[in-house]
Protein chains: 2
Amino acid sequence: MKFGQATIKDIARELNISSSTVSRALKDYPGISDETKAKVKELAKKLNYRPNAVALSLRKSKSLTIGVIIPEVVHFFFSTVISGIEEVAYAHNYNVILLQTNESEEREKAAIDTMMRNQIDGLLVSFSKDTTDFSHFKDLMDYNYPIVFFDRLPALADTVNVVVNDFSGAYQATTHLIEQGYRNIMHLAGPENLTISKERKKGYIKALEEAGLPIREKWIIPCPLGTSEESQRLTEPILAAEERPDAVFASNDVAAAGAMMAAKKLGLKLPKEFGAVGFSNWQFSSMIEPPLSSVSQPGFEMGEKAAQLLLQMIDSQSSEAFQAKTEVLDTGLIVRKSSLKNS
Amino acid sequence: MKFGQATIKDIARELNISSSTVSRALKDYPGISDETKAKVKELAKKLNYRPNAVALSLRKSKSLTIGVIIPEVVHFFFSTVISGIEEVAYAHNYNVILLQTNESEEREKAAIDTMMRNQIDGLLVSFSKDTTDFSHFKDLMDYNYPIVFFDRLPALADTVNVVVNDFSGAYQATTHLIEQGYRNIMHLAGPENLTISKERKKGYIKALEEAGLPIREKWIIPCPLGTSEESQRLTEPILAAEERPDAVFASNDVAAAGAMMAAKKLGLKLPKEFGAVGFSNWQFSSMIEPPLSSVSQPGFEMGEKAAQLLLQMIDSQSSEAFQAKTEVLDTGLIVRKSSLKNS
DNA sequence: TTGTAAGCGTTATCAT
DNA sequence: ATGATAACGCTTACAA
């Protein structure tokens with residue numbers, strides 16, 4: 001009874017009635033006299049009574065809290081997703097508990113342990129880059145524990161997922177570069193074991209193939225870190241070579257920006273001599289010079305959708321809600337100056 | 001007992017001993033035979049026993065959870081702070097529950113209500129822009145409830161706070177512009193009722209005064225929204241005027257970027273004809289053209305410090321920990337091309 | 001060395 | 001229309 005918080009018992013004692021009556025009066029149960037209801041409610045208000053959610057959780061084995069496991073918070077896309085999750089949770093009177101894994105599998109397992117100890121009702125998961133063993137998720141799913149994966153898909157059967165259409169986003173972006181007249185398009189790829197990276201790479205390749213352009217493996221560069229320094233460093237030698245690309249499709253905006261910096265450093269004119277399209281439409285993309293074209297990901301919607309699916313699983317417990325499904329959200333191509341060859 | 005989670009009772013039953021013995025054995029209490037301890041621990045492991053944190057919270061009136069109330073997650077600075085909070089909390093086995101207020105005072109009050117219902121052990125608060133009534137915080141403080149305010153300071157006595165040195169950051173930034181040879185420096189200010197905005201404005205004015213430069217009220221423009229569109233729109237007429245500023249010190253990087261866009265649109269050469277320094281050193285600042293000089297705020301450290309102070313209040317409950325104090329973290333000036341007049 | 005019982009705050013069940 | 005009691009899972013005096 002921290003901070004003088006009043007309990008049902010306090011109210012009961014003061015009014016000389018039983019706690020069950022108080023409990024029922026507070027929730028307008030039938031069979032309680034209007035008089036008692038009024039008295040109880042009045043006193044509750046006066047004492048600033050707040051139901052103890054912890055006691056409720058224990059009693060009902062339900063915490064009205066959902067857990068979010070995410071690689072890092074300081075990431076435009078992820079923070080946008082969190083925001084979407086927050087909104088839906090708030091609207092349904094659920095709380096959000098946040099565990100950041102810093103892309104570490106160990107922290108991920110610890111996070112799950114914490115969530116279980118705290119009787120969290122369900123989990124929204126974007127697992128870390130180098131998670132290869134998914135048994136900690138599998139175990140939960142075997143108990144019918146509600147989990148929705150977002151952005152990153154695990155190598156597990158029968159999961160409920162929300163992703164964006166990475167393939168088509170990448171395909172669109174690359175096709176756009178081709179239509180603009182770029183012919184030698186390199187690709188800065190994401191971490192190799194993530195589905196999103198693979199899909200974006202596939203979309204890139206598909207676009208080249210369809211246009212009858214050659215696929216050059218040496219121009220497909222994985223950027224495991226995803227920092228602009230890394231991509232600048234990796235891109236520079238490629239642009240300095242005899243035969244060089246005239247554009248880049250990057251798996252994320254930061255990498256694209258790094259490539260642009262490399263191109264500038266080598267004195268190339270942007271976007272005429274080197275075009276670029278990124279992925280995720282980060283906040284900064286419109287502010288760099290030239291403004292970066294980018295594939296926009298509906299992060300907020302992803303958070304909303306994932307939270308909605310999870311709450312369905314939690315509330316209904318129907319097998320329908322638990323059925324494997326992958327919700328695919330559409331990307332959009334935001335065309336800015338960086339990819340307009342003849343501007 | 002969701003998901004087949006084993007409880008102490010299950011272990012007790014299986015071993016034909018009492019739950020108290022199990023409880024004690026699990027925590028190596030003295031006076032339990034090594035044999036029993038071994039048996040209990042073995043079975044606990046086998047059953048994958050996890051202590052029920054909810055039951056513990058109820059028993060101990062302590063949830064090992066701290067709450068973070070923040071205007072918005074999708075914000076480079078705030079998300080960095082959260083990251084720092086997360087790290088410290090994790091290291092001390094505390095959980096973090098996150099409530100976003102979207103800069104609404106009503107949501108802020110609802111957030112506090114939620115936190116109280118859930119027996120959250122303490123609060124880290126950055127209140128919303130238009131909160132003017134702080135009684136909801138005051139009420140808690142009167143009960144000796146642990147709260148640490150960060151970034152934004154409430155108009156309340158005896159609070160524990162963590163802020164950055166906004167005044168000196170702004171002073172440094174403006175002085176730097178002056179030293180570079182800029183003479184007519186405008187200021188894009190933040191929301192007027194926030195202390196941080198006031199402090200930054202003061203630092204700006206102090207620098208001008210010290211340099212013997214005039215303060216021109218018409219060149220001090222509040223940007224309540226803080227978007228680049230807003231600042232671009234507000235800056236354009238000022239730069240188009242007969243007598244125009246030759247530099248800007250902005251209360252945040254986004255506003256600075258907007259001003260730079262306005263200057264470019266009017267054909268001014270950057271940084272020669274128009275210099276700029278922002279605040280917060282957002283991720284994008286190094287990537288725009290010219291790269292933006294900025295006052296860096298130690299967001300991660302702020303989160304760490306705030307969490308540490310809070311945990312001290314929670315753990316010690318000593319009046320020392322609750323004593324009013326304001327931890328001031330130093331800013332740094334990151335000089336990039338946007339403020340180098342003669343580069 | 002171990003067991004019993006009460007209690008944290010709430011509600012469901014069964015009485016009255 | 002209201003009360004008594006048990007239970008959620010765990011800890012902790014107090015007993016034995």
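Below, chains carry the letters A, B, ... as their sequence lines are ordered, and counting in each starts from 1.
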In whole Å, what is the span from the [atom1] atom of [X] to the [atom2] atom of [N]?
X        : N      : atom1 : atom2 : value
B:Asn16  : C:dG3  : CG    : C1'   : 13 Å
B:Gln119 : D:dC10 : CD    : P     : 18 Å
A:Leu15  : D:dT2  : CG    : P     : 12 Å
A:Ile8   : C:dG7  : CD1   : C1'   : 16 Å
B:Lys39  : C:dT1  : NZ    : C1'   : 12 Å
A:Arg13  : C:dG7  : CZ    : P     : 12 Å
A:Lys62  : D:dA7  : NZ    : C1'   : 19 Å
A:Met116 : D:dG9  : CE    : C1'   : 17 Å

For this session: Output yes when a side-chain donor or acceptor of B:Arg152 lies under 3.5 Å from a complementary backbone atom of B:Phe127, and no otherwise.
Result: yes
Query - Under 3.5 Å donor-acceptor, A:Arg107 side chain and A:Gln100 backbone - result: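 Such a contact is found between A:Arg107 side chain and A:Gln100 backbone.
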For a quick test of reading the model: is some side-chain N or O of [X] closer than 4.0 Å to OP1 or OP2 of [N]?
X       : N      : answer
B:Ser20 : D:dC10 : no
B:Ser18 : C:dG3  : yes
B:Lys9  : D:dA7  : no
B:Ser19 : D:dC10 : no

- Is the count of non-hydrogen atoms from other residues, nucleotides or ligands lying under 6.0 Å from B:Lys138 atom NZ greater than 12? no
Q | Among B:Asn102, B:Thr131, B:Thr101, the one residue meeting side chain to side chain donor-acceptor pair (under 3.5 Å) with B:Glu108 | A |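 Single side chain to side chain donor-acceptor pair (under 3.5 Å) partner of B:Glu108 among B:Asn102, B:Thr131, B:Thr101: B:Thr131.
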Student check: side-chain heavy atoms of [X] and [Y] closer than 4.5 Å:
X        : Y        : result
A:Asn118 : A:Ser63  : no
A:Phe77  : A:Asp151 : yes
A:Asn95  : A:Ile66  : no

Hey, are B:Asp113 and B:Lys109 close enough for a salt bridge, meaning a charged N less than 4.0 Å from a carboxylate O?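 No.
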At a heavy-atom distance below 4.0 Å, what parts of residues 21-35 of chain B sit against DNA chain D?
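Listed by number, they are B:Ser23, B:Arg24, B:Lys27, B:Tyr29.
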So, with a heavy-atom separation below 4.0 Å from DNA chain C, the residues of residues 51-60 of chain B are B:Leu58, B:Arg59
Verify whether the ring centers belonging to A:Phe76 and B:Phe76 lie closer than 6.0 Å.
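They do not qualify: ring centres at least 6.0 Å apart.
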**Item:** Inter-end axis angle, the helix from C:dT1-D:dA16 to C:dT16-D:dA1, with every axis fitted to five base pairs (rounded, 10 degrees)
**Value:**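 End-to-end axis angle for the helix from C:dT1-D:dA16 to C:dT16-D:dA1: 50°, rounded to 10°.
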